[in-house]
Amino acid sequence: MSSESRIVKLFEEVLEDKYIIPICNEEEQRKRAEEGFKKIGTLFGAMTPDVKEASIRSYLGYVASVNHQNRVHAYLVVMNRMVALNIIPAKLLCDQIMGSEKLTYKNQCFWIEAFQLVRKVIGGIDYKGVREIMKCCKEKALSFPVNVSVNILPQLHELIELIEHIFNRSACLLPAYFIINEIKKTDYQNMHWRVSNLIANFIEEFVAVAQMLSIIGHSSMLPIVEHSSYADNLIIPWKLDPDTLKLSLRGNLPYDDELLQCQARLLRFVLQQPYSRDMVCSMLNFQKQQKQKCAALEEQLVWLVLNAMEYSEKESQTTSGTGPNGEHDDGVSSHTQWVWLHLSSQLIYFVLFQFATFQNIVNTLHEKLAVRNLRRGRDHLMWVFLQYISGSIQKHSILNFLPVLKLYDILYPEKEPLPVPDYNNPYCTHQMAPTCIWIHLMKRAQTENYNINRPIPIALRSHFDYLQQLAMPSNNPTLFMGSEYRFALLCNAYSTQTDYFSRPMQALIDTILGNSKNPQASMAGGGGGGGQPLPTAPLSMRVLDSLTIHSKMSLIHSIVMHMIKQAQNKNSIPNGNNMAPALVETYSRLLVYTEIESLGIKGFLGQLLPQVFKSHAWGILYTLLEMFSYRMHHIHSHYRVQLLTHLHSLASVPHTNQMQLHSCVESTALRLIIGLGSVEVQAQLSRYVSEPKPPGNIVSAESEELNRALILTLARSMHITGTGSDPQSSAWCKDLLQNIMANTPHAWPQHTLYCFPQVLNEFFLQHGIPKESKQLLKKTVDEEFRNWASMTNENDIIAHFGMAVNPPLFLCLVFKMIIETDAISPVAYKILERIGARALSTHLRKLCDYLLFEVANSGGGAHVNKCVDTINDMIWKYNIVTIDRLHFDNVYQVRCFEYRHNSLKPWFDHWQICSNLREGPCFLRELS
């Protein structure tokens, strides 16, 4: 006899004894029931798990066939007893009950008793098992008809009782978050109204939680896209799912319906903004190291292209001087031109990093344009595609670009050739873009031996013939820059063909070097040979915009190579340390283009600067640093921090210990430090502290002023981002502060520490340094001045006061010398030269301390005026120090004393006026 049969027979014997043979003695009845339970328990206990599961399933099937509620109740009471005795696991019993095919609301007896049993034993099941039971309850609820008759209300009531028991937080059966997560997966609106009402009330309890985890009106908000050097994209709340473009919300909570919709409008808005590519990557959680295709991004790029074509269509209809081919008298000045320039930049970036596929974009555009008559912007569209094709066609197969040919059929259907555009108008490069694409495709097909069985469209034949004629050197023996754009047409069309490309590119280089054969030009060579002036007119932005990305990359590569060559041969050519202003300005303009970042700013930091420094071309280095300080804007923060580490390395080299070069290095470093955005500080500086092998040192080894500026920038960042009060979140900066104090130990006054964030305040209170006695400083200066007056041998004077081991008090002596004698000895200049620019900063700090002590203890009056006149003489008459360096070192100390000495007010007002003569007062205000 099988186990299932033995169980059923044994249950029947027990139940027959109980219900068929009445026993008046309750004690006897209890004993016989206990014996029956014991037999059943012994039988189940001897079974393997598989046999036990099969036996329970068979037993429940037998019970479900009993059409007597009391007997069904009695059968299931036995199972309840087995669960209580830990003979049958509660989860196993509930799984078999809920999974039984006979558990339907039409089987009233079994349904009611089964749900009552599950409700009794569900407390012995873990939360995962309870979650499965709740899933089964949802399925059972969906089986009820919409209109429940009276005879099945008891079944519905039992189901609702079990669901309410699971929902009851006091029962602790299943975390409420798991419950709502399962609820939101099913459309509960199709259930009976009582079940739907129960679920709706439970969901309503989470509305407040959803509001706490979301932003009110978030779907209607649009971000402000900052320039690329501002890293606000790291903390934006507009995170989207890359597949659905829905907001990434925490949990499956009852958020507002608007927050759960596709945010295509948001992504389009951000894509339309300049400098938005980093924010788009942050919104969609793109990683440059991973090849992550995003179909949703491709759709929005296509939408932007179509929107730009529609805008071109409208603008062309309202613009005077517009020809049948959409020619503009001044196309570059129109808003449409800038829209297309930005669109080409976005397309190149996202396709280059393989976030979007070029073929998919072209194919989708073909489908959209095939049913729409949008041709006014066709030249702009082809210009955008030319940007990508010219730069990537040599790296990819011709098959990747063939879909572009389908666009020719719908965009250029003319049966007559279009006229050759005016090559004095920059818009001609856009009009010739489709022909340039055709030339690139034919050249690549020829290289791969691929046969393109189609002629050039009739509309473009005149353009094609013109470019071929223009490319022949015999037809144009010389090319020079003027008001024409023929050279740009040649560069764009033949950038992948060296034979034709070198001549127009050389014409561009010669223009900014002064080697042009233009008879109207009177500019000299790039080296300034023959005493002729260097060219000053750079390539205009219109000219640069008329070049493709591939041509710009070739141009900037040629400029960098020329700079490196000039630095290496600086001693063999006239004016070797002086670069042509046209060359420098053109280079700085090219660095603005984010599409050529690999050869632009990366090449500047990784190739050009090291080579110039290696060649000891200090004049060129000075020019490059000045260019970066005053001409380069919106450079990404990690590039600026990288340059800062390079400058700290340069500052420690003996060759840079020259006054003008050292001042340039320090001022550039200062601009880099104070230019860091508040959000960027922790993101960038922590990399140089926490990494095992940091890429460089962001702390100056000698300049206390730069390190103070770094601390003030860090304090400003903590105040604005709200991270200065939590020691744990700001623990990374302690290593940075310790490094600063190890290199340049210094202290801050109490009123400044009071304004510092908590982390910085506590650090400097714990790492205080002893204060220097100002009386001792004055005594030492007086003693050194007596030594100066007593020494007569020039060599002894230079040896004594120029020694590095002596106290850095020589500027104090010069100050006292001018006050006492109204003159300065020529020997002082020799000593200053021996001290060097780097060590002079320490002397200058001592002079500031000494000067403030003198003024603070003078009582005001004539002596203060005398001190002001002496400082003016040191700056303007004797050229000992510069006003910006003195102001840089002095304002901090002046502010410290001003709070306690009103006699300094007129003197400080004088320095406030002087500060307006130089850039950088924002930093001085920050110091104060």
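Quick note: residue numbers are just sequence positions, from 1. Computed from heavy atoms alone, side chains included, the values below leave out hydrogens, waters and symmetry copies.
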In Å, rounded to the nearest 0.5 Å, how long is the span from CG of N307 to CD of Q300?
11.0 Å
By ring-ring contact (aromatic ring centres under 6.0 Å, His included) - contacts of F350 (at least two apart):
none
Is it true that a side-chain atom of S649 and a backbone atom of T645 form a donor plus acceptor pair closer than 3.5 Å?
yes
Whether H342 side chain and Q273 backbone form a donor-acceptor pair below 3.5 Å:
yes
E585: which residues meet the salt bridge (Lys or Arg N to Asp or Glu O under 4.0 Å) condition with it, sequence neighbours left out?
R589, R631
Verify whether one side chain among R375 and Y412 offers a donor that lies under 3.5 Å from an acceptor in the other.
no
List in chain and number order the residues that pass side-chain hydrogen bond (donor to acceptor under 3.5 Å, both in side chains) with T244, two or more places apart in sequence or in another chain; answer none if no residue qualifies.
D241
Do K552 and Y593 meet the cation-pi criteria used here (NZ or CZ under 6.0 Å from the six-membered ring centre, within 45° of the axis)?
yes
For Y408, the ring-ring contact (aromatic ring centres under 6.0 Å, His included) test, sequence neighbours excluded, returns W438
For S312 and W340, which I'm curious about, is there any donor-acceptor pair between the side chains at under 3.5 Å?
yes
On a heavy-atom basis, the closest approach of A210 and L253 is CB-CB, 4.0 Å
Using a distance-only test with no angle check, is there a side-chain donor-acceptor pair under 3.5 angstrom linking S551 and S554?
no
Could you grab the distance from atom CG of L736 to atom OG of S686, nearest 0.5 Å is fine?
10.0 Å
Salt bridge (Lys or Arg N to Asp or Glu O under 4.0 Å) with E448: which residues, sequence neighbours excluded?
R444
Residue pairs passing the ring-ring contact (aromatic ring centres under 6.0 Å, His included) test where at least one lies in residues 237-264, sequence neighbours excluded:
H218-W238
Test your reading of the model: is there a side-chain donor-acceptor pair from E182 to the backbone of F178, 3.5 Å cut-off?
no
Test of understanding: with ring-ring contact (aromatic ring centres under 6.0 Å, His included), list the residues that count as partners of Y349, not counting sequence neighbours.
F353
Where do I559 and T586 come nearest, in terms of heavy atoms and distance?
CD1-CG2, 4.1 Å
Polar contact flag, side-chain donor to acceptor under 3.5 angstrom, Y639-E597
yes
Under 3.5 Å, side chain of S717 to main-chain N/O of S678, donor-acceptor pair present?
yes
Checking Q387 against T548: is there a side-chain donor and acceptor pair closer than 3.5 Å?
no
Could you walk me through whether L347 and L304 pass the side chain to side chain contact (heavy atoms under 4.5 Å, CB included) check?
CA-CA 10 Å; L347 182 69; L304 290 176; over 6 Å; no
Quick note, salt bridge (Lys or Arg N to Asp or Glu O under 4.0 Å) partners involving residues 385-411, not counting sequence neighbours, are D409-R454
Got a sec, which residues hit ring-ring contact (aromatic ring centres under 6.0 Å, His included) with Y587, two or more places apart in sequence or on another chain?
none
If the plane angle is over 60° it's perpendicular, under 30° parallel, otherwise tilted; pick one for Y388 and F401.
tilted
Non-hydrogen atoms of M279 and V225 that approach each other most closely:
SD-CG2, 3.7 Å
Could you pull out every donor-acceptor pair under 3.5 Å between side chains of residues 257-264 and any protein atom, sequence neighbours left out?
| residue | atom | partner | partner atom | Å |
| --- | --- | --- | --- | --- |
| E258 | OE1 | S219 | OG | 3.4 |
| Q261 | NE2 | D257 | O | 3.2 |
| Q263 | NE2 | E258 | O | 3.3 |
| Q263 | NE2 | Q261 | O | 3.1 |

Under the rule for side-chain contact (heavy atoms from CB on, under 4.5 Å), what residues qualify as partners of T668, not counting sequence neighbours?
L625, S629, L647, C664, L672
Partner set under side-chain hydrogen bond (donor to acceptor under 3.5 Å, both in side chains) for S276, not counting sequence neighbours:
Q346
Between H440 and S390, is there a donor-acceptor pair closer than 3.5 Å when you use the side chain of the first and the backbone of the second?
no
How far does CD of Q394 sit from CD of Q497, to the nearest 0.5 angstrom?
9.5 Å
d(S344 OG, I549 CD1) to nearest 0.5 Å is 6.0 Å
Donor-acceptor pair between S495 and H550 side chains, under 3.5 angstrom:
yes
